[in-house]
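Every heavy atom of this structure was used, including side-chain atoms; hydrogens, water molecules and symmetry mates were not. When a ligand or atom number is given, it counts from 1 through the structure's own listing order.
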Amino acid sequence: MIEMTHGSTAVQNDHGFTADQKQIFEAAEAFARRELYPLAQQMDENEWWPPGLFARIGDAGFLGVTVGQESGGHGLDYVSAGAIIQAFARWNHAVALSYAVHDNIVLDNLYRNSNANQRSQYMVDMIAGRKIGALGLTESGSGSDALGSMRTTACRDGDYYVLNGSKMFITNGPIADVLLVYAKTAPDLGHKGISAFLIERNYAGFHVAQKLDKMGYRGSQTGELVFNDCRVPAGNLIGDENNGAKIIMSGLDIERAMIAPICLGVAERAYQMAIEYSCARKQFGQPIGSFQMVQSMIADMYVHIETMRSFTYRTLSECQHRKDDTDRSILHMMTAASALHASEACNKVLDNALQIHGGIGYIWETEINRLYRSIKLLEIGGGTNQVRRMIIAGEALSDIRSVNYKTDARE
Ligand SMILES: Cc1cc2nc3c(=O)[nH]c(=O)nc-3n(C[C@H](O)[C@H](O)[C@H](O)COP(=O)(O)OP(=O)(O)OC[C@H]3O[C@@H](n4cnc5c(N)ncnc54)[C@H](O)[C@@H]3O)c2cc1C
């Protein structure tokens with residue numbers, strides 16, 4: 001799939017993509033409509049993950065998107081990665097979520113932070129989709145205050161670290177083979193005493209305590225992970241000991257940037273369905289789309305989607321251009337704002353789309369209902385919209401903050 005020239009002159013199309021990015025988007029869209037859409041209903045009904053799906057996505061060339069070619073990836077940019085996520089989300093948002101966690105939140109993170117040994121040991125199988133990735137930060141007692149309240153510990157014992165604790169709400173957790181997990185190596189140092197580890201599912205002392213039954217994004221597997229004297233080779237420490245907060249923070253910025261294209265894909269599909277229904281459904285002898293109040297809802301949906309699209313890709317483009325910046329305050333603010341805006345705009349689009357469908361939209365097994373049930377997660381996951389507002393205001397008021405106020409919340 002991803003056969004493209006690098007560094008081509010940026011010929012913009014209507015959506016602001018270069019010709020290469022447009023080609024990637026179209027390939028991902030065709031794949032998602034053909035391969036992922038037919039799975040969506042069953043995934044939603046049964047919280048079912050199709051076995052072997054990551055390998056099929058890998059075979060189609062959609063894994064390792066931002067990983068350098070020297071490490072077996074495609075070496076593409078964050079805009080291209082977002083385009084694939086948007087395309088997948090149009091047709092199967094549960095797969096898009098699991099995909100974003102594997103390819104972006106884990107693989108991109110590992111590529112940026114792991115050493116040559118770790119890359120060669122894990123990345124080939126992950127890019128082929130033979131091994132699935134998950135990221136464990138949240139715990140039942142530490143969500144928004146993920147760093148400050150973290151209870152999972154890792155103690156050095158010879159050539160191993162011994163992990164104890166648990167992680168909650170972990171996407172891909174029940175099916176993951178490789179888990180990027182954060183634990184406190186120096187609890188007295190607060191967020192400066194956190195380290196990142198790669199854990200394999202067959203390590204003694206690790207198990208999945210439960211698979212969670214969700215309201216939306218059903219089929220994307222979510223679980224609770226437990227570490228009970230889990231011995232992890234010291235070679236699986238990612239980055240330096242006690243340097244995990246930096247890895248978490250840079251990862252969270254990219255994670256937030258990738259939330260927006262999921263929202264965009266879901267909103268686009270809902271909009272398309274609302275238009276089709278407005279033309280097909282007749283009341284008072286006319287298509288409901290001929291009524292001005294229905295037209296008003298459609299117009300509002302269009303405005304939300306186009307503003308979402310602009311901000312989503314502007315933010316992803318900034319992520320690419322500023323990826324080596326040491327000062328991350330602009331990215332921190334923009335990615336929080338992009339996720340905040342997209343999740344709230346998606347919520348409004350889905351509210352109108354379901355309203356246009358009337359009673360049938362309220363029925364659980366309809367597609368529009370499935371889309372509607374997706375809206376809350378991305379106002380919560382990766383840091384809630386309240387936390388995103390804290391980040392934006394914190395950066396906007398950073399001069400005051402440096403004098404009066406400091407928090408190590410999931411910022
Ligand atoms: C389906 C799903 C998948 C997930 N996947 C992952 C994953 O793969 N990996 C991972 O590590 N985590 C994952 N999460 C966890 C997610 O990131 C957290 O749920 C989220 O950060 C919120 O934490 P919490 O649920 O503990 O809520 P809490 O932090 O308890 O917040 C509860 C409420 O209080 C508000 N609040 C908290 N602090 C403040 C404050 N200072 N000011 C104002 N309001 C505040 C919040 O905004 C929220 O409304 C997932 C969650 C879900 C539901």
Using a heavy-atom cut-off of under 4.0 Å, does the side chain or the backbone of [X] touch ligand 1, or both, or neither?
{"X": "Leu377", "value": "side chain"}
{"X": "Met390", "value": "side chain"}
{"X": "Thr384", "value": "side chain"}

Answer yes or no: does an N/O atom from [X] fall short of 3.5 Å to an N/O atom of ligand 1?
{"X": "Val387", "result": "no"}
{"X": "Ser144", "result": "yes"}
{"X": "Thr138", "result": "yes"}
{"X": "Thr171", "result": "yes"}
{"X": "Leu137", "result": "yes"}

Side-chain atoms of residues 333-342: list all donor-acceptor pairs with protein atoms under 3.5 Å, sequence neighbours left out, distances to 0.1 Å.
| from | atom 1 | to | atom 2 | distance (Å) |
| --- | --- | --- | --- | --- |
| Thr335 | OG1 | Leu331 | O | 2.7 |
| Thr335 | OG1 | His332 | O | 3.3 |

Worksheet item: Under the criterion side-chain hydrogen bond (donor to acceptor under 3.5 Å, both in side chains), which of Thr152, Thr153, Asp229 is the partner of Asn164?
Response: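 In the set Thr152, Thr153, Asp229, the residue that makes a side-chain hydrogen bond (donor to acceptor under 3.5 Å, both in side chains) with Asn164 is Asp229.
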Worksheet item: Could you go step by step and tell me if Asn347 and Asp351 meet the side chain to side chain donor-acceptor pair (under 3.5 Å) rule?
Response: CA-CA 6 Å; Asn347 191 331; Asp351 192 41; over 6 Å; no
Item to complete: In sequence, state the C-alpha distance, the side-chain angles, and the governing distance for Val181 and Phe227, and then conclude on side-chain contact (heavy atoms from CB on, under 4.5 Å).
Response: CA-CA 10 Å; Val181 172; Phe227 309 92; 3.8 Å; yes
Can you sort out which atoms of ligand 1 are near [X], meaning under 4.0 Å from one of its heavy atoms?
{"X": "Ile170", "result": "7 (C), 8 (O), 9 (N), 10 (C), 11 (O)"}
{"X": "Gly382", "result": "17 (O)"}
{"X": "Gly143", "result": "23 (O), 24 (P), 26 (O), 29 (O)"}
{"X": "Lys214", "result": "1 (C)"}
{"X": "Leu135", "result": "7 (C), 8 (O), 9 (N), 10 (C), 11 (O)"}
{"X": "Ile380", "result": "19 (O), 20 (C), 21 (O)"}

Side chains of [X] and [Y]: do they bring a donor and an acceptor to under 3.5 Å?
{"X": "Asn236", "Y": "Tyr203", "result": "yes"}
{"X": "Asp77", "Y": "Gln21", "result": "yes"}
{"X": "Arg119", "Y": "Asn115", "result": "no"}

Worksheet item: Distance under 6.0 Å and angle within 45° of the ring axis: does Arg218 meet both against Trp48?
Response: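 Output no; distance or angle outside limits.
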Discussion item. Would you compute the distance between atom CE of Met308 and atom CD of Glu306 and round it to the nearest 0.5 angstrom?
Written reply: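 Between Met308 CE and Glu306 CD, I get 9.5 Å after rounding to 0.5 Å.
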Practice prompt. Please list, chain by chain and in numerical order, all residues satisfying side chain to side chain contact (heavy atoms under 4.5 Å, CB included) with Ile127, sequence neighbours excluded.
Written response: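 With neighbours one apart ignored, the set is Val67, Leu107, Met123.
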Item to complete: Run the numbers on Ser329 and Asp327 for side chain to side chain donor-acceptor pair (under 3.5 Å), then give the verdict.
Response: CA-CA 6 Å; Ser329 51; Asp327 177 3; 2.8 Å; yes
Worksheet entry | Any Val101 heavy atom less than 4.0 Å to ligand 1 |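 Val101 does not count as a contact of ligand 1 under the 4.0 Å cut-off.
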Discussion item. For atom 45 (C) of ligand 1, tell me which residue out of Arg389, Arg388, Gln386 has the closest non-hydrogen atom.
Written reply: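 Nearest option to atom 45 (C) of ligand 1, by heavy atoms: Gln386.
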Practice prompt. Look at atom 25 (O) of ligand 1 and find which of Phe169, Tyr182, Tyr217 reaches it with the closest heavy atom.
Written response: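 Result: the heavy atom closest to atom 25 (O) of ligand 1 is in Phe169.
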